[in-house]
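Report on the structure given below.
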Amino acid sequence: MKQQIFNDYETLSSAAADLVLETVKQNPGAVLCFATGNTPAGTYRLLAEKARAQAADFGQCFCFGLDEWLGVPPEKNGTCHQILHEQVFKPLGIQSSQVHLFDGMTTDIPAECKKMNEMIRQKGGIDLALVGIGLNGHIGFNEPGVSFALEAHAQELHDSTLASGQHYFSEPTPISRGLTLGLAQLMKARITLLLASGSGKAPIIEKALEGPVTSEVPASLLQQHERALVMMDKAAAAHLTK
Ligand code: GLP
């Protein structure tokens, strides 16, 4: 695992956008995986600007969504579906045929997860997975205590995840569970890029990067990923000692 520390959110977001662009320039058919949340929003804004300025072509890449709220209609403001379409796919001209997202309205969770796992395998795995970190150390919806061996699965969400999750929706939305790619899939990604910004993330970043590798802090598993890259701003890195 490598770490990079940036002065502020804007320079962090710019560097992350550059890495996505570079990945697609080097491999136009790259398989990408995107998270939602406040942290990657700046990356997506700059990625759209840079892609336009550089006439980058995303026409051959393939994109997976990292996670989704269960039981929330996809068009609702705040779903991963709606946010990724708005912030990533539309601005980059990525067509629906180039995207596979979890169906949060599925009535058959095992089949939905199987479809995701098979699609990822069929595409040859993920080249670049861009993920964030929850206040309790989750990645996607891999909550503390999760098995490191899981692929796509449904997860009961912890109270802190539900509380921060509510802020993504423009109106109160009943949420309790999510669908997520598993850590086994993120560990196999050729690059797993974890973004962290702000002082609120400093305590969990310290645990994830400098604490023991434990399922109680799911992001700590990235310490064992040779090509994991953690990009963070100074505020998020403030508690690091090494
Ligand atoms: C949510 C999402 C994650 C995201 C995390 C952090 O629970 N499921 O994919 O990385 O929260 O979000 P934020 O960047 O808003 O802090």
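Keep in mind it's a predicted model, so treat the numbers as computed, not measured. Start at 1 and go down the list; that is how both ligands and their atoms are numbered.
- Looking at Lys115 and Glu112, a side-chain N of the basic residue comes within less than 4.0 Å of a carboxylate O on the acidic one, giving a salt bridge.
- Residues passing the side-chain contact (heavy atoms from CB on, under 4.5 Å) test with Ala16 are Thr43, Leu193, Leu195, Met231, sequence neighbours excluded.
- Listed by chain and residue number, the protein contacts of ligand 1 are Thr36, Gly37, Asn38, Thr39, Leu66, Asp67, Gly132, Ile133, His138, Gly140, Phe141, Thr161, Tyr168, Lys201 (heavy atom within 4.0 angstrom).
- Listed by chain and number, the hydrophobic cluster partners of Met105 come to none, as no ILVMFWY side chain reaches under 4.5 Å of it.
- With respect to Val217, the side-chain contact (heavy atoms from CB on, under 4.5 Å) criterion is satisfied by exactly one of Val213, Thr214, Leu221: Thr214.
- Applying the ring pair (Phe, Tyr, Trp, His ring centres under 6.0 Å) test to residues at least two apart or on different chains, the pairs with a partner in residues 56-86 are Phe62-Phe64, Trp69-Phe141, Trp69-Phe169, His81-His85, His85-Phe89.
- Here the rule is side-chain contact (heavy atoms from CB on, under 4.5 Å) with Leu70, and of Glu156, Gln155, Arg177 only Arg177 fits it.
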